[in-house]
Amino acid sequence: MFLNKDYFQNDAIFLAKDLLGKILVREINGKKILCKIVETEAYIGPEDKACHAYNNKRTKRTEAMFLEGGCTYVYMIYGMYNCLNIVANKKDKPEAVLIRAVEPLNELEYLKKNRNIKSKKRYDLTNGPGKLCKALKIDKKLNKYDLCKNKKLFILDSKDKKIEIVEAKRINIEYAEEYKYKLWRFYIKGNKFVSKI
DNA sequence: GTAAAGATCCACT
DNA sequence: GTGGATCTTTACT
């Protein structure tokens, strides 16, 4: 089951929770890599001080968040790492869901090769926003990508309804003042691939 | 043109 | 659990 455009017009907090357990599909050279989404964070444009688009700040970088829901917002952090966001809500509402961690379901050797790390731990492959982007070869070429119209990157619905969702504070946003206490990070309880408990 | 900070990762103890 | 690496984007002058 494909998730359609209407689904992504919901607000970021709803989507952040609802996307847990769903399947992110990335196709590279004919390989279909399947990953279960296990950890997300919601960023709510104008009011959220942790959001790049706080106060409707619109720059060349943040304009992807002003697109309609169902597109991607890929940004670079610390100069070297990419993070994958799913844009939420309607056009001109800058909300997004950051994908912080996924659980790889196949092509593990290929993902390990992309990561090029010494660690052989399976759960080190994709347990962080920068890591999963490197493993899945997600970079700025996939910024503003429409998840509903393309085959290289999209999301499948999942029948897994037994997951237990934990709400937590978001990570590494000390500068966000009162917003750093918002419980806008969501993850699947007990899942080994979550970046931080 | 220049400076400063940043939604992180990895190796090491 | 800690610290260094490392470079893009932004917001100034």
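Residue numbers begin at 1 in each chain, while the letters A, B, ... track the order of the sequences.
In this structure, A/Ile77 places its CD1 atom 6 Å from C1' of B/dA7, rounding to the nearest Å. Distance A/Tyr175 OH to C/dA11 P: 13 Å, rounded to the nearest Å. Taking atom OH of A/Tyr43 as the reference point, atom P of B/dG6 lies 13 Å away to the nearest angstrom. The separation between A/Met80 atom CE and C/dT6 atom P is 7 Å, rounded to whole Å. Taking atom NZ on A/Lys180 and atom C1' on B/dG6, their separation rounds to 16 Å, with Å as the unit. Between the P atom of B/dG6 and the OH atom of A/Tyr81 lies a distance of 17 Å, rounded to the nearest Å. Between A/Arg185 atom CZ and B/dT8 atom P the separation is 11 Å, expressed in whole Å. Going from atom CG of A/Asn82 over to atom P of B/dG6 covers 19 Å, rounded to whole Å.
For the residue pair A/His52 / A/Tyr43, no side-chain donor-acceptor distance below 3.5 Å is found, with atom types taken as modelled. Residues A/Gln9 and A/Asn89 have side chains that never bring a donor and an acceptor to within less than 3.5 angstrom of each other. For the 3.5 Å distance criterion, the side chains of A/Tyr75 and A/Asn143 fail to qualify, holding no donor opposite an acceptor.
Here A/Leu98 lies in heavy-atom contact (under 4.0 Å) with a base. If you check every strand for non-hydrogen atoms under 4.0 Å, A/Met76 touches sugar and phosphate atoms only. Backbone-only contact: A/Lys140 has heavy atoms under 4.0 Å from sugar-phosphate atoms and none from a base.
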Report task. Map every base of DNA chain C to its dot-bracket character, where paired means a Watson-Crick or G-U wobble contact with both distances under 3.5 Å and | marks a partner outside the strand. Result -> |||||.||||||.
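The cationic group of A/Lys31 lies under 6.0 Å from the six-membered ring centre of A/Tyr110 and within 45° of the ring axis, placing it in a cation-pi geometry.
Using a 4.5 Å heavy-atom threshold, the side chains of A/Leu24 and A/Leu153 count as touching. Looking only at side-chain heavy atoms (C-beta outward), A/Val25 and A/Ile155 stay at 4.5 Å or farther from each other. Between A/Tyr7 and A/Leu19 the shortest side-chain heavy-atom distance falls below 4.5 Å.
At distances below 3.5 Å, not a single donor-acceptor pair connects side-chain atoms of A/Glu103 with backbone N or O atoms of A/Cys35.
With respect to A/Arg185 and A/Glu167, no salt bridge is recorded, no charged nitrogen being found less than 4.0 Å from a carboxylate O. Electrostatic pairing of A/Lys49 and A/Glu178 counts as a salt bridge here, judged by a charged N lying under 4.0 Å from a carboxylate O.
Looking at residues 52-71 of chain A, you'll see A/Lys57, A/Thr59, A/Arg61 sit with a heavy atom under 4.0 Å from some atom of DNA chain C. Remark: nothing in residues 128-139 of chain A comes within less than 4.0 Å of DNA chain C through any heavy atom.
When each of A/Asn85 and A/Asn116 is assigned the nucleotide of DNA chain B bearing its nearest heavy atom, the one mapping closer to the 5' terminus is A/Asn85.
When the side-chain nitrogen and oxygen atoms of A/Tyr78 are compared with OP1 and OP2 of B/dA7, none of them lie within a distance under 4.0 Å.
For A/Arg115, the side-chain atoms get nearest to B/dC9 when compared with the rest of B/dC9, B/dA7, C/dA5.
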Requested in this report: Decide salt bridge (Lys or Arg N to Asp or Glu O under 4.0 Å) for A/Glu41 and A/Arg100; before the verdict, give the C-alpha distance in whole Å, the side-chain angles of both, and the deciding distance to 0.1 Å.
Outcome: CA-CA 7 Å; A/Glu41 283 181 13; A/Arg100 283 193 58 83; 3.6 Å; yes
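Residue ring and nucleobase are not stacked for A/Tyr75 and B/dA7 under a centre distance beneath 5.5 angstrom and an angle between planes beneath 30°.
Around CD of A/Glu164, the count of heavy atoms belonging to other residues, nucleotides or ligands within 6.0 Å does not exceed 12.
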